[in-house]
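Heads up: numbering here begins at 1 and tracks the sequence. Both ligands and their constituent atoms are indexed starting at 1 by order of listing. Both backbone and side-chain heavy atoms feed into the values below; hydrogens, waters and symmetry mates do not.
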Amino acid sequence: MSKLKSSENSSGASNRMEEIISLCKRRGFVYPGSEIYGGLGGVYDYGHYGAILKNNIRDSWQKSMIQDREDIYLLDSAIFMHPTAWVASGHVGNFDDPLVECKKCHNRMRADHILESFGISADKMPIDFINKELDKLREEKKLKCSNCGESDIAEAKKFSLMIKSNFGSPTEALCEENVVYLRPETCGGIYLQYKNTIDSLHPKLPFGIAQVGKAFRNEIAARQFIFRTREFEQMEMQYFINKKDTKEKYDMWKEVRMKWYLDNGISADKLTWYKHEKLAHYASEAYDVKYDFNCLGGFDEVEGIHARGDWDLSQHSKFSGVDLSYYDEESKERFTPHIVETSVGLNRLFLMFMDFAYTEDNLGGEKRVFLKLPKKLAPIKIAVFPLLRNKPLLVEKAKEVYDLLRKDYMCEFDDNGNIGKRYRRQDEIGTPYCVTVDFETIEKPARPDEDSGRSGGDNTVTVRDRDTGNQERIKIEELSEYFKKQF
Ligand code: ATP
């Protein structure tokens, strides 16, 4: 997929990417996989805040698909599927990318991405076409290794993205008969459970099945942090329709999905539609949602919306021998439903929200970094502090406030370091509100003319807003009402 990238912003983009990667590691969002063993290419682990943020993004998608609608059912299918299913879907024969290798440093690159960086559209083009175009670049001395700059690049060959595993007795050697694949996309499980869904839940067309789960692809160049990894999570929905409704339902899904991004705080100018000109033979329409990544220096794909015809169910019916047609009681017709699919990468959305939220500003004369995450996605909603950790009365009261608020919100108690440091830490993990219990909470400050008899505090706390740094005093008994309005 081509990026609208300019050379001016590419160093700014790589700086931004470095800043995001560094914050993710420093603050417990994302760690390199197997780091103590030197890492494993294209694999990342999610730490405490990252795992919560990822769950919150997933929940927002799932709510929009399941809770807010009446026509979509949830599925959680297994990662392993019958190997024939991937033959039927065309993945075993055709799920590959064009690979080129630098003969000097053995850097592996995607040939279609190289061509696209020269403005040559290579999406789904045959390997012969790709090699002819690469030859032209070679003649013009434009073909160079992205790692060492060498121009001796081998010709392109097809590279399967399917990751194999074995099944059955652990003592059996891996042989073709017991090869199973780690699913390269989650929608395969949906097609295989379409019949059970119909037989058990009796939905009427149009209806959808949605699922969230892991997918695995042996990506040639798993780069750009969590944008493209070998293990990732997808959130996919297959909407089963009568063929005659394809245009109406396709347009509806484009609208619904774009609204989801806007509802989650992404501004419209950071989003665009990319229309695929070259379609798979069975598809009638394919658009991608592209987001303008600061850390990648331009627009790139986050989600695909595809009108897939009746290809998937017809193929699985043919290969399994099971009738997957649908009887429409209204029209008294029997037909194989067509499908409109929405398919988005959860980890790619994670990077999109990090990219969108990463903000540097000046607060009170000091430079700070903060994550301006939408409040409903922020991993921690409210942090509660005692002003000083060595004053038991403050700590006790702050714990009381923390216990009160964490019944309804994901909260964190923090008494480490000074208040300034705690604010900076919470800003960097995107916590929208910090609540501080201080001496005003527990006792009124003694007036200079007052020699004794400190009275009880006014039971108010300071509530600080992440984005503005503004602070206000709120009574403890009014905090629940106050936060109800904020979230
Ligand atoms: P690309 O062109 O980027 O390789 P694709 O068009 O093959 O992606 P799809 O098969 O349509 O992607 O997958 C749907 C979505 O799944 C993508 O829009 C993306 O968000 C996500 N996705 C696909 N591959 C990866 C990956 N290797 N790592 C992370 N997310 C991915």
Side-chain angles (χ1 to χ4, degrees), residues 1-3 30 33 40-44 46 54 57-58 61 86 89-91 94-99 109-117 121-125 159-163 182-188 190 210-238 253-254 257-258 260-261 266 271-280 282-283 285-291 293 295-296 298-308 311-312 339-355:
M1 214 55 44
S2 63
K3 280 188 202 67
V30 183
L40 186 65
V43 178
Y44 289 89
Y46 288 72
K54 187 149 65 66
I57 300 169
R58 178 203 61 197
W61 181 89
W86 299 117
S89 66
H91 282 84
N94 294 314
F95 195 54
D96 41 49
D97 278 335
L99 162 76
M109 295 160 280
R110 269 194 47 187
D112 53 334
H113 286 174
I114 296 179
L115 294 181
E116 278 155 9
S117 70
S121 176
D123 192 19
K124 301 194 175 60
M125 294 310 274
F159 180 80
S160 173
L161 302 182
M162 299 294 281
I163 298 182
L182 294 178
R183 65 182 177 197
E185 54 185 31
T186 53
C187 54
I190 295 179
Q211 84 162 324
V212 181
K214 293 261 184 179
F216 305 83
R217 295 184 186 178
N218 205 5
E219 295 282 356
I220 293 171
R223 290 192 189 122
Q224 299 162 316
F225 191 35
I226 52 172
F227 182 83
R228 187 181 305 284
T229 50
R230 297 198 167 98
E231 174 176 343
F232 56 101
E233 275 167 90
Q234 284 187 316
M235 306 193 288
E236 297 198 292
M237 190 283 309
Q238 307 293 306
W253 276 110
K254 272 182 75 187
R257 289 304 303 144
M258 186 51 81
W260 184 86
Y261 290 85
I266 303 292
L271 297 161
T272 192
W273 287 110
Y274 171 85
K275 181 175 166 56
H276 284 261
E277 298 300 341
K278 181 108 178 62
L279 298 176
Y282 48 80
E285 198 86 85
Y287 275 83
D288 291 339
V289 178
K290 286 194 171 198
Y291 165 78
F293 284 90
C295 64
L296 299 178
F299 282 90
D300 217 327
E301 171 183 341
V302 286
E303 172 159 4
I305 299 179
H306 313 123
R308 300 181 56 85
W311 163 260
D312 306 285
I339 287 175
V340 172
E341 154 186 271
T342 72
S343 169
V344 62
L346 178 51
N347 318 71
R348 223 174 253 192
L349 287 185
F350 186 109
L351 183 62
M352 177 189 80
F353 281 112
M354 277 293 190
D355 183 90

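In the vicinity of Phe227, heavy-atom distances shorter than 4.0 Å reach the ligand 1 atoms 28 (N), 29 (C), 30 (N).
Both the sub-6.0 Å distance and the 45° axial angle are not jointly satisfied by Arg58 relative to the ring of Trp61.
Distances between N or O atoms of Glu236 and those of ligand 1 include no value under 3.5 Å. Between Val344 and ligand 1, no pair of N/O atoms sits closer than 3.5 Å.
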* May I have the step-by-step check of side chain to side chain donor-acceptor pair (under 3.5 Å) for Asn347 and Tyr44, ending in yes or no? => CA-CA 10 Å; Asn347 318 71; Tyr44 289 89; over 6 Å; no

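Among Arg348, Lys214, Lys54, the single residue meeting the side-chain hydrogen bond (donor to acceptor under 3.5 Å, both in side chains) criterion with Glu233 is Lys54.
Proximity of Glu341 to ligand 1 is not established, as no heavy-atom distance is less than 4.0 Å. No heavy atom of Glu185 sits closer than 4.0 Å to any atom of ligand 1. Residue Asn347 places no heavy atom under 4.0 Å from ligand 1.
Minimum interatomic distance between Gly304 and Asp288 (heavy atoms only, all atoms of both residues): CA-OD1, 3.6 Å. Counting all heavy atoms, side chain and backbone alike, Leu351 lies closest to Gln224 at CD2-O, 4.2 Å.
A donor-acceptor pair shorter than 3.5 Å can be found between the side chains of Glu236 and Thr186.
In this structure, of Glu219, Arg110, Glu303, Arg217, the residue bringing a heavy atom nearest to atom 9 (P) of ligand 1 is Arg217.
Contacts between Val302 and ligand 1, counted as non-hydrogen atom pairs separated by less than 4.0 Å, involve the backbone only.
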